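Not measured: the values here are computed from a predicted model.
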Amino acid sequence: MHQLPPSKRAGFGSWLLVPLLTLVLAACGEGSSVDSLEPTQNSVSFNGASLTDVRVRLMAANITSGNNQSYDPGHGTRIFQGTKPDVVMIQEFNYGNNSAAAIRSFVDEAFGPGFYYYREGGAQIPNGIISRWPIIASGEWTDTQVSNRDFAWARIDVPGPKDLWVVSVHLLTSGSTVRNTEATNLVKYIKANIPAGDYLAIGGDFNTDSRSESCLSTFSQVVTTSGPHPADRNGKEGTNAGRTKPYDHVLVDSDLRAYQTATVIGSSSFSAGLVVDTRVYSPLSEISPALSGDSGASNMQHMAVIKDFLIPGGDEPTPVGSVTVVAPNGGESWTAGSSRTLTWTSSNVSNVKLEYTTDGSTWNVISASTPASAGSYTWTVPNSVTTTAKVRVSDAANVAVTDVSDAAFAITSSTPLPDPTTVITQETENNDTAATANGRVAAGTSVSGALTTNTDVDWFKFTVTSPGTVTVRLVMPGVADLDWYLYTPDDVNLYAARGYSSSNPEVGSYSATAAGTYYVKVVGYAGAMSSYTLTVTGAGVQP
């Protein structure tokens, strides 16, 4: 959940790729030649595969079943196994007890042990991405209209000179206006963070009632939304359980759209992509082990959607790289909050990903990508006292090339000096990010604020001088529904606690295990706007 530095995404007109205009033979074992059509806003280019083309099958999938919005019952798993997607934008990404081991076992069973995945943390029904190729960066962008999931994104090292960026979304059912607000916010994230020269796909459960909804027009700023659209064996497009509405989509930008090709499964070919409904698919043996009744399972409310693409893969082998951690390599004792230098050696690697662990199992990103040639990186040691810390250095483009500290090092405690920031009693804009948070909120001192638009977000910071329980209280006048999220000094992307019920006041507690600067974010549920009063208390909170 670590956002890359922003870069403006240019318009599509200057970089729309021109597809092949000749008839070519497919060379991916699919059997027959395919006509190539000149792409327009209303057509799909069906390019034949050359020896260096790579088939990429993208799927949008909210295909949970049963009573727990999870993949435990197995109906969705069989559909994954039978259709063999390469990259899935998955919704309601729950399985078993949702531990790392449980999610890994699901990915292994449904796709294979070589697949990579990203699953947003702290969400009731999380979005995620599953990929055949390495995920070199990933994270989530805040969906201000809903409290139980966000927009999950991943940057994937697909074959060829470009990376593929995918965003997994699950828009609200509460109305087209809210969905358009979600789309507007996501388009802003995409324009600010995704390079214009890479491929882009947005996929998932949009809950759209029609193809004329305003959110699709908004998304057309960054992806193509025109037809032809995927359909099932009988030519039907709807993807909700009743097959009457276009709930689910795989939308790609213009340069990737130029490489769209027919989805071929067995001897069957679907020119614009496939809506997977096992109840009408024939012959069913082509998507074995999927069963006829899987798409009609209890509480399966969506059909998966597939589109295929033949992208230029290049024909020059990539040299095998290597990385080696030099420091910390075991035995060091570093003070929390101090600046230390991470060092490494590398060969045939352009950029490295830096991570650390305090428990030997959970890894936290220090830098998603930094030049390998630098050989060093200045790191502020986190406020997490431990004797089992390690650092991992990986090739940012191929996480299989990696090295970890040979032995553990220690992070020792350091009591911070009191925060000199003036105590506040009134919110001031602009405070829409952690970097611009209002502060300092003092223990027991109420702060007045207001969310004045349906996309407004207010951030505040406070200082914890010693471990202990922190209590956050948010009071709203009237019936407005506002929520709060608390973040630790180590991670301002994944919340540590939240108050997201419909209660007023909205009160909750968190056990702070280390001293440092903590943050509280105030948002409106489903775009709610209201004034409010925020109070933070606790024995370890600085007065």
Side-chain angles (χ1 to χ4, degrees), residues 1 97-99 120-126 140 142 144 146-150 336-337 358-359 362 364 382-386 413 415-416 418-419 421 423-427 431 434 437-449 451 457-477 479-525 528 530-543:
M1 300 184 306
N97 63 2
N98 290 325
S99 64
E120 65 166 311
Q124 176 196 358
I125 46 174
E140 62 187 74
T142 301
T144 61
V146 64
S147 61
N148 62 358
R149 74 262 189 183
D150 286 311
T358 57
D359 59 11
T362 302
N364 308 282
N383 286 314
S384 300
V385 176
T386 180
S413 177
T415 302
D419 187 343
T421 307
V423 173
I424 64 168
T425 58
Q426 179 67 48
E427 174 233 351
N431 60 343
N438 287 167
R440 176 177 50 88
V441 177
T445 299
S446 296
V447 177
S448 299
L451 298 179
V457 177
D458 292 343
W459 283 80
F460 300 90
K461 60 184 178 181
F462 62 94
T463 299
V464 171
T465 57
S466 60
T469 299
V470 174
T471 299
V472 179
R473 177 184 177 91
L474 186 68
V475 180
M476 296 77 69
V479 296
D481 187 359
L482 305 187
D483 300 321
W484 59 262
Y485 296 80
L486 184 146
Y487 299 83
T488 67
D490 297 331
D491 194 339
V492 294
N493 295 291
L494 177 62
Y495 62 81
R498 60 182 176 177
Y500 65 107
S501 69
S502 58
S503 300
N504 189 2
E506 191 77 74
V507 182
S509 297
Y510 172 71
S511 180
T513 59
T517 300
Y518 288 71
Y519 298 84
V520 173
K521 177 177 68 174
V522 178
V523 302
Y525 177 74
S530 175
S531 59
Y532 60 83
T533 301
L534 174 71
T535 310
V536 179
T537 56
V541 179
Q542 184 180 346

key: Residue pair Leu534, Val472: steps toward the side chain to side chain contact (heavy atoms under 4.5 Å, CB included) verdict   = CA-CA 7 Å; Leu534 174 71; Val472 179; 3.7 Å; yes

key: Stepwise side chain to side chain contact (heavy atoms under 4.5 Å, CB included) test for Tyr518 and Thr488   = CA-CA 5 Å; Tyr518 288 71; Thr488 67; 4.1 Å; yes

key: Trace of the side chain to side chain contact (heavy atoms under 4.5 Å, CB included) decision for Val441 with Val520   = CA-CA 10 Å; Val441 177; Val520 173; over 6 Å; no

query = Should Ile424 and Val447 be marked as a side chain to side chain contact (heavy atoms under 4.5 Å, CB included) after you check the CA-CA gap, both sets of side-chain angles, and the distance that decides it?
reply = CA-CA 7 Å; Ile424 64 168; Val447 177; 4.1 Å; yes

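Residues Asp150 and Glu140 share a closest heavy-atom pair of OD2-OE2, 2.9 Å. Listed here is the closest heavy atom pair of Val146 and Arg149: CG1-O, 3.5 Å. Across all their heavy atoms, Lys461 and Gly439 have their closest contact at CG-CA, 3.8 Å. Between Met476 and Ser530, the shortest heavy-atom distance links the atoms CB-OG, 4.2 Å. Between Ala497 and Ser509 the shortest heavy-atom distance is CB-O, 4.2 Å. Minimum interatomic distance between Ser384 and Thr358 (heavy atoms only, all atoms of both residues): CB-CG2, 3.9 Å.
Between the CH2 atom in Trp484 and the CZ atom in Arg498 there is a gap of 10.0 Å [rounded to 0.5 Å]. The line from OG of Ser503 to CG of Leu474 is 11.0 Å long, rounded to the nearest 0.5 Å. Rounded to the nearest 0.5 Å, atoms CD (Gln426) and CG (Asn438) are 9.0 Å apart.
No donor-acceptor pair closer than 3.5 Å links the side chain of Thr463 to the backbone N or O of Gln542. Put simply, the side chain of Glu427 never gets that close to the backbone of Asp458: no donor and acceptor are under 3.5 Å apart. Although no hydrogens or angles enter the test, the distance criterion places a donor-acceptor pair under 3.5 Å between the side chain of Thr465 and the main chain of Gly540. The backbone N or O of Ala515 sits less than 3.5 Å from a side-chain atom of Asn383, completing a donor-acceptor pair.
At a threshold of 4.5 Å between non-hydrogen side-chain atoms, the residues Asp483 and Glu506 count as touching. Pro489 places none of its side-chain heavy atoms less than 4.5 Å from the side chain of Pro382. For the pair Val475 and Asn504, the minimum side-chain heavy-atom distance is below 4.5 Å. Contact check for Val457 versus Thr142: no side-chain heavy atoms found under the 4.5 Å cut-off. Side-chain contact check for Asp359 versus Thr386: every heavy-atom pair is 4.5 Å or farther apart. In this structure the side chain of Ser147 reaches within 4.5 angstrom of the side chain of Tyr485, judged on heavy atoms.
Considering Tyr510, Tyr519, Trp459, Phe462 in turn, Trp459 is the only one that fulfils the ring-ring contact (aromatic ring centres under 6.0 Å, His included) rule with Tyr487.
The aromatic rings of Tyr532 and Phe460 lie perpendicular to each other, with more than 60° between the two planes, well past the 30° mark.
The number of heavy-atom neighbours closer than 6.0 Å to OH of Tyr500, taken from other residues, nucleotides and ligands shown, is 12 or below.
With sequence neighbours left out, the side-chain contact (heavy atoms from CB on, under 4.5 Å) criterion links Thr537 to Thr471, Thr535. For Thr445, the side-chain contact (heavy atoms from CB on, under 4.5 Å) partners are Val423, Thr425, Ala442, not counting sequence neighbours.
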